[in-house]
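Here the structure comes first, spelled out in structure tokens, and everything after it is commentary.
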Amino acid sequence: MKKALICFLLFPFLLKAQVPGYEGKRFIVSYNLDVLPNLAYVYLNLGDNPLPVQVLFNNHINAEYVLGRRFSLAVDASYSRNKTFLTDGNATVNTGTYGLNCIFYPDHDNTLAPVGNYFKIRIFTGSATASGNIVSNTFDDNGYPVTLTVPEQTNLSIQGFGIGFGNNMILHNHIVLTASVDLDYNVLTFNANKIQQGASYQELTYDVQNHILDSYLFYFKLGIGGLLF
């Protein structure tokens, strides 16, 4: 009788513990700032004119919903605008992507979605535009290379996938802090009908393609959001 009474009294707490989410809350909306050092791009383009090390930034809006004790799904949208140094010029590169994330929380005593360590897989699609200056292979009357200015053009489609390792911390039952290390593999294709004629346009396109492939290979993500319901 005593055991039955104890079980009856503890049943609401046991039931609550089985509900996915943090205290029953499953939905998170957050802002994430991606910090991208272009070290891979610099390393892969070492030469007579070394490129400067840059830190690039990308903005993410993320919405995550917990489906189970160890699993959640999230969608995100990102936008970036960075002034970058290229191998033979410079460019302002704009990128925009949309992604779907599968997030797994390991089976540890201190981890229950959406709290603690996690591993995620992301697939995404988007596009890139660029404008800038390219040093051409032609020379002026004084023997100096001619710098060509390329107006903004839509020239690249982006598809890819990535993985990430991170941690979520919840403060005051509603504030979510997140940090992660992410690695992306981008597949870029030319929108041939949108590439303007001329070698400088195509050269800028190839340079921007290499820049995105290399600089976005790995990055750090810092975020803050709210656990809504």
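Being a predicted model, the structure only gives us computed values, none of them experimental.
- A continuous path of Ile, Leu, Val, Met, Phe, Trp and Tyr side chains, each step under 4.5 Å between heavy atoms, connects Phe124 with Leu56, placing both in one hydrophobic cluster.
- Note on ring orientation: taking the six-membered ring where Trp is involved, the planes of Phe165 and Phe119 are tilted (angle from 30° to 60°).
- Side chains of Ser131 and Thr92: a donor-acceptor N/O pair is absent below 3.5 angstrom, by distance only.
- Residue Tyr43 qualifies as open at atom OH: its count of foreign heavy atoms under 6.0 Å is 12 or below.
- In this structure, OG1 on Thr97 lies 4.5 Å from NE2 on His60, to the nearest 0.5 angstrom.
- From Asp34, atom CG reaches atom OG of Ser180 across 7.5 Å, with rounding to the nearest 0.5 Å.
- Counting all heavy atoms, side chain and backbone alike, Ile212 lies closest to Asn186 at O-ND2, 3.9 Å.
- Placement of Leu51 and Tyr216 within a single hydrophobic cluster is found when ILVMFWY residues are connected by side-chain heavy-atom separations under 4.5 Å, directly or transitively.
- Counted by atom type alone, Asn32 and Ser30 present one or more donor-acceptor pairs between their side chains at under 3.5 Å.
- For the atom pair CG (Asn58) and CG (Leu36), the distance works out to 6.0 Å, reported to the nearest 0.5 Å.
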I'd like to know whether Asn168 forms a side-chain contact (heavy atoms from CB on, under 4.5 Å) with Val115, so could you lay out the CA-CA distance, the side-chain angles of the two residues, the decisive distance to 0.1 Å, and finally the verdict. CA-CA 5 Å; Asn168 285 341; Val115 182; 5.6 Å; no
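- Here NZ of Lys120 is found 12.5 Å from CZ of Phe104. Values are rounded to the nearest 0.5 Å.
- Minimum interatomic distance between Gly68 and Ala113 (heavy atoms only, all atoms of both residues): O-CB, 3.6 Å.
- One distance of note links CZ of Arg70 with CD1 of Ile103; it measures 15.0 Å at 0.5 Å rounding.
- Leu156 has its side chain within reach of Gln209: a pair of non-hydrogen atoms, C-beta onward, lies under 4.5 Å apart.
- At a threshold of 4.5 Å between side-chain heavy atoms, the hydrophobic network of Ile, Leu, Val, Met, Phe, Trp and Tyr places Tyr41 and Leu213 in one connected group.
- Judged by distance alone, the side chains of Tyr219 and Asp184 do bring a donor and an acceptor atom under 3.5 Å apart.
- A donor-acceptor distance shorter than 3.5 angstrom exists from the side chain of Asn82 to the backbone of Phe57, with no hydrogens or angles considered.
- With rounding to the nearest 0.5 Å, the separation of OG in Ser72 from CZ in Phe27 is 11.5 Å.
- Pro114 has its side chain out of reach of Val176: every pair of non-hydrogen atoms, C-beta onward, lies at least 4.5 Å apart.
- No salt bridge links Arg122 with Asp182; every basic N to acidic carboxylate O contact stays at or beyond 4.0 Å.
- Thr125 contributes a side-chain N or O that, together with a main-chain N or O of Ile158, makes up a donor-acceptor pair within less than 3.5 Å.
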Step by step, work out the side-chain contact (heavy atoms from CB on, under 4.5 Å) result for Leu228 and Ile28. CA-CA 6 Å; Leu228 302 184; Ile28 300 173; over 6 Å; no
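- Hydrophobic cluster of Ile123: the remaining members, joined at side-chain heavy-atom separations below 4.5 Å, are Val75, Leu100, Phe161, Tyr185, Val187, listed by chain and number.
- If you chain together hydrophobic residues whose side chains sit under 4.5 Å apart, Tyr105 and Val66 never meet in one group.
- Contact check for Cys102 versus Leu73: side-chain heavy atoms found under the 4.5 Å cut-off.
- Nearest heavy atom pair, residue Asn38 against residue Gln54, reads OD1-N, 2.7 Å.
- Clustering of Ile, Leu, Val, Met, Phe, Trp and Tyr by side-chain heavy atoms under 4.5 Å joins Leu177 with Met169, Leu171, Ile175, Ile224.
- Note: the hydrophobic cluster containing Leu67 also contains Val29 (ILVMFWY, side chain heavy atoms under 4.5 Å, direct or indirect links).
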Intermediate values then yes/no, side-chain contact (heavy atoms from CB on, under 4.5 Å), Asn94 and Tyr79: CA-CA 7 Å; Asn94 303 310; Tyr79 173 77; 3.6 Å; yes
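- For the 3.5 Å distance criterion, the side chains of Tyr118 and Thr178 qualify, holding a donor opposite an acceptor.
- Put simply, the side chain of Ile61 reaches to within 4.5 Å of the side chain of Tyr31, judged on heavy atoms.
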